[in-house]
Every structure is written in C-alpha cells, then in structure tokens.
Amino acid sequence: MEKIRVVVSGAYGRMGREVMKAVTAQEDLSLVGAVDKAGVGTDVSALTGVGGTEVVISSNLTETLQKTKPDVVVDFTTPLVVKENIKAILEAGVNGVIGTTGLTEENLAEMAALTDQAGKGLLIAPNFAIGAVLMMRFAKEAAKYLPEAEIIELHHDRKIDAPSGTAMKTAEMIKNGRAQALTPKPAPLEKVKGARGGDYSSVHIHSVRLPGLVAHQEVIFGGIGQTLTIKHDSLDRTSFMPGVLLAIRKIIKMKGLIYGLENLMD
Ligand code: NAP
C-alpha cells in the first residue's frame, strides 16, 4: 500500500505538534516534511516524543514541497501567513488541509479561484472537532424555531484572532437556518464599548480569552419564556485529530475548495 505523504506547516506550534504525532501513528500516512518559522532544525521525533520519523523542521515551505513531493499539506500557522501558504501549496500542485483561522469571506472566494486553477483539493475547516461540527449543525436547526441567538466563544489567551472562525461559521449557519431575516433592534446604549459583543450575520458574538481554556463555545437561543443552550468543549487538542486525519484521507480524492469538515462527513 502506498502511503499518503504529508507535510505539516506550523509544525513547531501547539496544533502542528499534535498533527505530527497523529500522522506518525497512522499506518497509511507518512510524515515527510515539517515547516515552521520557529524551531528550525528541531528533530520531530525528539519534539513529539514519538519515534518513527527522521523529519527535521525546515523554514521554507516551497523548498520543502519541491524536495518532499507530498500529497497533502496540513497548515496550522497564523492568520497573518495562511493566505501565502495556501498559494504556495497550490502553486506546488499539492492538496491542502487548512486549520488556521482568520480567513475572511473575500479570502475564501480568492482561494476557491486559485484551487480551481490548480485542479487540486483544498479543505478549510474552522473546527476539526466532530462535536463542534454537530454543535453548528444543531444550531442551524434550532434557528428555524428560535431565530434570536447569541454566541459566547472561549479560547486560550494566546489565540490571535477574535472572534473565532467557529463562532463566525456558526453565526452564518444560524442566519441560513432562520425561516426569515430578523427585524433589526435599536442600537443598545453601550456604557462600555463592546459590551454587547460583535454583530456578525445578525448574531452577537462574545469572545473570552483566558489561560487554562482550550476551545469552547456556547450558543444561546432565546424564545418566549425559554432559552436553549448548545455547548461544546474541546478539552484537549487531541479532539481535533480524528477530523484532521479524515480530511487528509478524503482531500486527496477531491477537487476544489471545501469549507467546513461537515462537507466531508457522511
Ligand atoms: P501556535 O502554537 O501559535 O502555532 C502556530 C505556529 O505557526 C507557530 O509555531 C508559528 O511560529 C508558526 N508560523 C508562523 N508563521 C509561519 C510561516 N510563515 N510558516 C510556517 N509556520 C509559521 O498556534 P496553534 O494553537 O497551533 O494554532 C494555529 C492556528 O490553528 C490558529 O489560527 C488557530 O486558531 C487554529 N486552530 C484551528 C483549529 C481547527 O480545528 N481548525 C483548532 C485549533 C487551532 P511563531 O510562533 O514563531 O509565529
């Protein structure tokens, strides 16, 4: 059996390390390269504590792709560089699995056009945890009957972007799930700027950043005399790995931009 060749971009980061551990443990996958701005020259086996690979972290994505000829690149870097990384991946004729958040709708349209030109598959998923995907699906369903909702998303204090990609996608799904558009309410008198959160797709989103958290989200729906809360917690970064592995295995057989892990799930 020929193994699927994988390069991890953002390899020295928290998610990158977890992805390398998960990939190394799979019989059908082979970690052939690791790229990061930080930790260049680090031996991946020593970094992850998992043997079975001789990969060392290098600094240049394009050069690594030329040298290792992977089937898929998994990218968990930063919102500041993800667009450039996607371009490099597609220019090299490689499929991509992108977990880095912070891409706007405009960015997604641009990436869709580039993916079509390259004739490759690109999955961009704001959340790889299966439970989070279900939370979003249930939120869309609830919005049909309870259209008024607010989102509280909570993450570790080193997360760069706010609100989270998951919160924005959930808000879009709530908007799409409503039977009709909400009637706008008068602007609140905010005594502290931002107290009502940010309005995206007519859903207020509140972002909490604290040490000790990983990735959590509550979607609260309010109706007459009742509320409904849908809550998901990623307690550990391993929660994202089954979704990442599923995406690696599926994206090599697909073409075009796919946004959201739910589109790869049966
Ligand atoms: P992190 O620990 O800061 O890791 C990001 C790594 O990427 C860092 O080592 C960073 O180096 C490196 N990097 C920066 N520029 C680079 C470049 N040009 N090429 C290669 N590597 C580069 O962050 P994290 O917690 O792993 O999260 C990474 C991203 O994934 C974030 O956008 C986060 O929101 C997202 N995320 C998504 C999911 C999901 O399910 N989709 C789940 C968790 C996290 P420096 O530290 O030197 O900048």
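Start at 1 with the first residue, then count along the sequence.
- Residues Pro70 and Val32 approach most closely at CB-CG2, 4.1 Å, considering heavy atoms.
- To the nearest 0.5 angstrom, Met111 atom CE is 13.5 Å from Tyr259 atom OH.
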Residues Val6, Asp71; criterion side-chain contact (heavy atoms from CB on, under 4.5 Å); working and verdict: CA-CA 6 Å; Val6 182; Asp71 301 298; over 6 Å; no
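- The residues Lys231 and Asp233 are annotated as salt-bridged, a charged nitrogen and a carboxylate oxygen being separated by less than 4.0 angstrom.
- A salt bridge (Lys or Arg N to Asp or Glu O under 4.0 Å) check over residues 93-115, counting only residues at least two apart or in different chains, returns the pairs Lys83-Glu110, Lys87-Glu110.
- With salt bridges taken as basic N to acidic carboxylate O contacts below 4.0 Å, none links Arg178 and Glu148.
- Annotation for Lys175: atom NZ does not count as buried by contact number, only 12 or fewer foreign heavy atoms lying within 6.0 Å.
- Looking at every heavy atom in both residues, Ser9 comes nearest to Leu61 through CB-CD1, 4.4 Å.
- The shortest non-hydrogen separation linking Ile174 to Ala143 is O-CB, 3.5 Å.
- Heavy-atom neighbours of Gln226 CD from other residues, nucleotides or ligands within 6.0 Å: above the threshold of 12.
- Within 6.0 Å of the CD atom in Glu2, the count of heavy atoms belonging to other residues, nucleotides or ligands does not exceed 12.
- When only modelled atom types and interatomic distance are considered, Thr115 and Lys255 share no side-chain donor-acceptor pair under 3.5 Å.
- For the residue pair Glu153 and His155, a side-chain donor N or O sits within less than 3.5 Å of a side-chain acceptor on the partner.
- Note that CE of Met20 and CZ of Arg17 are 7.5 Å apart. Values are rounded to the nearest 0.5 Å.
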Check against side chain to side chain donor-acceptor pair (under 3.5 Å), Thr101 and Lys159: CA-CA 10 Å; Thr101 51; Lys159 182 169 175 60; 3.3 Å; yes
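- The shortest non-hydrogen separation linking Leu182 to Pro147 is CD2-CB, 3.8 Å.
- Contact detail for Gly39 and Ile57: the closest heavy-atom pair is O-CB, 3.5 Å.
- Counted by atom type alone, Ser58 and Thr64 present one or more donor-acceptor pairs between their side chains at under 3.5 Å.
- Distance CZ/Phe76 to CZ/Arg14: 12.5 Å, rounded to 0.5 Å.
- A distance-only check finds a donor-acceptor pair linking the side chain of Asp36 to the backbone of Ala11 [under 3.5 Å].
- Summarising the local packing, NZ of Lys3 is surrounded by more than 12 heavy atoms from other residues, nucleotides or ligands at distances under 6.0 Å.
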Stepwise side-chain contact (heavy atoms from CB on, under 4.5 Å) test for Lys37 and Tyr12: CA-CA 8 Å; Lys37 221 169 75 191; Tyr12 200 65; over 6 Å; no
Check against side-chain contact (heavy atoms from CB on, under 4.5 Å), Arg249 and Ile4: CA-CA 8 Å; Arg249 291 179 176 122; Ile4 303 171; 4.3 Å; yes
Residue pair Val97, Asp75: steps toward the side-chain contact (heavy atoms from CB on, under 4.5 Å) verdict: CA-CA 6 Å; Val97 168; Asp75 186 288; over 6 Å; no
Check against side chain to side chain donor-acceptor pair (under 3.5 Å), Glu18 and Thr238: CA-CA 7 Å; Glu18 212 58 57; Thr238 51; 5.6 Å; no
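- Here the options are Ile89, Val74, Asn85, the test is side chain to side chain contact (heavy atoms under 4.5 Å, CB included), and the partner is Ile98; only Ile89 passes.
- Atom NE2 of His206 sits about 9.0 Å away from atom CD1 of Ile151, to the nearest 0.5 Å.
- Checking each of Thr48, Val19, Val44 against Leu31 for a side chain to side chain contact (heavy atoms under 4.5 Å, CB included) leaves exactly one that passes, namely Val44.
- With 3.5 Å as the limit, one finds a donor-acceptor pair spanning the side chains of Asn107 and Thr104.
- Taking all atoms of both residues into account, the shortest heavy-atom contact from Ala112 to Leu257 is CB-CD2, 3.7 Å.
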Table please: side-chain donor-acceptor pairs of residues 118-139 below 3.5 Å, with sequence neighbours left out.
residue, atom, partner, partner atom, Å
Asn127, OD1, Ala129, N, 2.9
Asn127, ND2, Thr166, OG1, 3.1

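- Atom OG in Ser201 sits 11.0 Å away from atom NZ in Lys169 (nearest 0.5 Å).
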